[in-house]
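For reference, the structure I am asking about is given below.
Side chains are part of it too, since the values below use all heavy atoms of this structure and drop only hydrogens, waters and symmetry mates.
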Amino acid sequence: MQQCKNQWMKISGLLFTAIVFAALPMNAWADGPPKPSAMANPLAQVLVVIIGVLLLAIALLAHVVLGAAEMKMQRFRDQQKNNTGAKILGIIALLCSSNSVFAAEEPATDVAVAASSTISGLSPTAFYSLVSVVGVELLVLLWLLYHLKSLLAKDPEVVSVTETVIKESAWKKWWGKANSFKPVQEEANIDLGHNYDGIRELDNRLPPWWLYGFYICIIFSAIYLWRYHVTHTAPSSLEELAIVMEKAELEKENYLKKAANNVNENTVTYLSDATSLEAGKKIFVTACAACHAADGGGTVGPNLVDDYWLHGGSISDIFKSIKYGWPEKGMKSWKDDYSPAQIAQISSYIKSLKGTKPGTPKEPQGELYEEKPVQDSASVAPIIKAGLN
């Protein structure tokens, strides 16, 4: 009977492992990534761990209660053999007396909880279901503890024997079972006859913990193959890579958007791509053409096509003039109307107007501006080399 119980507990543990890894529905990834599972929520994982620990505690405590009940029944058999049946029925009735109360206190799991919000990321149904299981397990633990206390309190001899067994042999018994140690007197039966410097070779079986760990690995591998390569209920390595790359692209786009809006007169650069220049042209025609003409030849404002500039003709100078304006000369500040990225587009478009021929260009104003040539690495290398020599 006891061996059957132990085997059942081991099989239950393996089945529990299989259920946890096979919980996702089939073909969940057929139409793209599924919605995040409730089991991915940290609160749900903590509650499941608590449920597992309480379940293990219930199993161990139930084993102790059954052992105490068996000892009590054996004592009754020795004392009153004629009334054994009545005694056994009395003990069974004592252990089962709270079943109806426990069943009445069990919370209903089929009651739908109407709520639109979540609890720490869990739906109300999932949260209250897990909490209900924890509550039921706590009630079972209290119920077992109550009856264990009742059994031990009524028989001091049982208490003494139980404490002695627990203190003296529980750890050694568990350690022996975990490793399947053979008694010293039985080593002769498994001696293979090989002796190396006083070390004998014995035909011991592998420890149960190693065997069951190996069995769990086999079950895990089967479930892994089923989920990732047969039903595709979980993303493969390539699918995970695609998901991560897609997420990285979104993060990159968001970063570039923020970086574009963080540009200022000290970091602005000329935007030569057609998209930026076209965007700058649209804003220029809308906001700047009234003073500088649509072709940049100038009306009230100065000519933006020639080489003469009132406040500098570099991309940084133009950006600064548009951003802060020159109120004393009638030009307003545009920093509240356009973002830094848009001002950079307008500045780049104005720079692109150099060399064009406006219809009625205004006379030059300001000072002649000469663009400083940008030296490439090929032209800079001889200078660096000469300096080093």
### Query
Would Ile350 and Ile322 count as a side chain to side chain contact (heavy atoms under 4.5 Å, CB included) if you check the C-alpha gap in whole Å, the side-chain angles of each, and the deciding distance to 0.1 Å?
CA-CA 11 Å; Ile350 293 174; Ile322 298 172; 3.9 Å; yes
### Residue pair Trp309 / Ile318, side-chain heavy-atom distance below 4.5 Å
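A side-chain contact under 4.5 Å exists here.
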### Message
Contact between Ser348 and Gln345 at the side-chain level, heavy atoms closer than 4.5 Å - yes or no?
### Response
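They are not in side-chain contact.
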### Message
If hydrophobic clusters are built by linking Ile, Leu, Val, Met, Phe, Trp and Tyr wherever their side-chain heavy atoms come under 4.5 Å apart, do Trp143 and Leu145 end up in the same one?
### Response
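Yes; tracing contacts between hydrophobic side chains, which count when under 4.5 Å, links both residues.
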### Task
Spell out, yes or no, whether Val49 and Ile58 are grouped together once hydrophobic residues are joined by side-chain heavy atoms under 4.5 Å, including indirect joins.
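No, no single cluster joins them.
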### Query
Got a sec, which residues hit salt bridge (charged side-chain N to carboxylate O under 4.0 Å, His left out) with Lys332, two or more places apart in sequence or on another chain?
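Result, salt bridge (charged side-chain N to carboxylate O under 4.0 Å, His left out) vs Lys332: Asp337.
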### Task
Could you pull out the closest heavy-atom pair between Gly297 and Pro358, with the gap in Å?
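Shortest heavy-atom contact: CA-CB, 3.7 Å.
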### Task
Taking Ser316 for its side chain and Glu265 for its backbone only, find out whether a donor-acceptor pair lies under 3.5 Å.
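Yes, Ser316 side chain to Glu265 backbone: donor-acceptor pair under 3.5 Å.
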### Working for side chain to side chain contact (heavy atoms under 4.5 Å, CB included), residues Leu141 and Leu54
CA-CA 8 Å; Leu141 279 174; Leu54 290 176; 3.5 Å; yes
### Query
How many angstroms lie between OG in Ser347 and CZ in Phe319, if you round to the nearest 0.5 Å?
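One finds 6.0 Å between OG of Ser347 and CZ of Phe319.
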### Message
Quick test of your reading: applying side-chain hydrogen bond (donor to acceptor under 3.5 Å, both in side chains), list the pairs with at least one residue in residues 352-363, sequence neighbours left out, ordered by first then second residue.
### Response
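Sorted result for residues 352-363: empty, none.
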### Task
To the nearest 0.5 Å, tell me how far Thr231 OG1 sits from Ile223 CD1.
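It is 11.0 Å, given to the nearest 0.5 Å.
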### Query
Applying the 4.5 Å side-chain criterion to the ILVMFWY set and letting contacts propagate, would Leu138 and Val131 be lumped into a single cluster?
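Linked, Leu138 and Val131 end up in one cluster.
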### Message
Test side chain to side chain contact (heavy atoms under 4.5 Å, CB included) on Tyr270 and Ser272; report intermediate values, then the result.
### Response
CA-CA 6 Å; Tyr270 177 72; Ser272 59; 3.6 Å; yes
#### Entry: Connected hydrophobic set around Val300, excluding itself, where side chains approach under 4.5 Å
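Result for Val300 is none, singleton.
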### Distance (rounded to the nearest 0.5 Å) between Leu304 CG and Leu353 CG
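Nearest 0.5 Å value for the CG-CG distance: 7.0 Å.
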Donor-acceptor pairs under 3.5 angstrom involving side-chain atoms of residues 245-253: please list them, not counting sequence neighbours.
none

### Query
For residues 275-285, which residue pairs qualify under side-chain hydrogen bond (donor to acceptor under 3.5 Å, both in side chains), counting only residues two or more places apart or in two chains?
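Applying side-chain hydrogen bond (donor to acceptor under 3.5 Å, both in side chains) to every pair that reaches into residues 275-285, excluding sequence neighbours, yields Asp273-Ser276.
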### Task
Taking all heavy atoms of Ala293 and all of Gly298, pick out the closest pair and write down the distance.
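Result for this residue pair: CB-N, 3.8 Å.
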### Task
Answer yes if Leu271 and Phe284 sit in the same cluster of Ile, Leu, Val, Met, Phe, Trp and Tyr residues linked by side chain heavy atoms under 4.5 Å apart, and no otherwise.
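Not linked; separate clusters.
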### Query
Heavy atoms, side chains only, cut-off 4.5 Å: are Glu137 and Ile51 in contact?
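The answer is yes, as the side chains (C-beta and beyond) meet within the 4.5 Å cut-off.
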### Message
Using every non-hydrogen atom in the two residues, find where Thr299 and Ala290 come nearest and quote the distance to one decimal.
### Response
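Minimum heavy-atom separation between Thr299 and Ala290: OG1-O, 3.3 Å.
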### Task
Check salt bridge (charged side-chain N to carboxylate O under 4.0 Å, His left out) between Lys320 and all other residues, then give those that pass, not counting sequence neighbours.
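Expected list: none.
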### Message
If hydrophobic clusters are built from ILVMFWY residues whose side chains come within less than 4.5 Å, do Ile50 and Leu144 share one?
### Response
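Ile50 clusters together with Leu144.
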### Pairing residues for Tyr308 by the ring pair (Phe, Tyr, Trp, His ring centres under 6.0 Å) criterion, not counting sequence neighbours
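None.
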### Task
Report the distance from atom CD1 of Ile346 to atom CH2 of Trp334, rounding to the nearest 0.5 Å.
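Ile346 atom CD1 to Trp334 atom CH2 measures 8.0 Å (nearest 0.5 Å).
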### Query
Is any side-chain heavy atom of Gln365 closer than 4.5 Å to a side-chain heavy atom of Asn303?
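The answer is no; the side chains never approach within 4.5 Å.
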### Message
I'd like to check the ring pair (Phe, Tyr, Trp, His ring centres under 6.0 Å) partners of Tyr324; sequence neighbours left out, ordered by chain and number.
### Response
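Here no residue qualifies.
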Which atom pairs, one a donor and one an acceptor, fall under 3.5 Å between side chains of residues 195-202 and the rest of the protein, sequence neighbours left out?
from, atom 1, to, atom 2, distance (Å)
Asn195, OD1, Gly198, N, 2.9
Arg200, NH1, Asp191, OD2, 3.2
Arg200, NH2, Glu187, OE1, 2.6
Glu201, OE1, His194, ND1, 2.6

### Query
If you measure from CG on Leu241 to OG on Ser237, what distance do you get to the nearest 0.5 Å?
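Between atom CG of Leu241 and atom OG of Ser237 there are 9.0 Å.
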### Rounded distance (nearest 0.5 Å) linking atom CG of Leu206 with atom CG of Leu211
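If we round to the nearest 0.5 Å, Leu206:CG and Leu211:CG are 5.0 Å apart.
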### Task
Name the orientation class of the two ring planes belonging to Tyr215 and Tyr212 (parallel below 30°, tilted from 30 to 60°, perpendicular beyond 60°).
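It falls in the perpendicular class, over 60°.
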### Message
Tell me every residue that passes side chain to side chain donor-acceptor pair (under 3.5 Å) with Asp317, counting only those two or more places apart in sequence or in another chain.
### Response
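Only Ser314 meet the side chain to side chain donor-acceptor pair (under 3.5 Å) criterion with Asp317.
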### Message
Holding to side chain to side chain donor-acceptor pair (under 3.5 Å), I want the full list of residues that pass it with Ser333, two or more places apart in sequence or in another chain.
### Response
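Once residues adjacent in sequence are excluded, Ser333 has no partner under the side chain to side chain donor-acceptor pair (under 3.5 Å) criterion.
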### Query
Can you list the steps and then say if His229 with Tyr224 is a side chain to side chain contact (heavy atoms under 4.5 Å, CB included)?
CA-CA 8 Å; His229 299 285; Tyr224 182 90; 4.0 Å; yes
### Query
Which residues pass the ring pair (Phe, Tyr, Trp, His ring centres under 6.0 Å) test with Trp326, sequence neighbours left out?
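By the ring pair (Phe, Tyr, Trp, His ring centres under 6.0 Å) rule, Trp326 matches His311.
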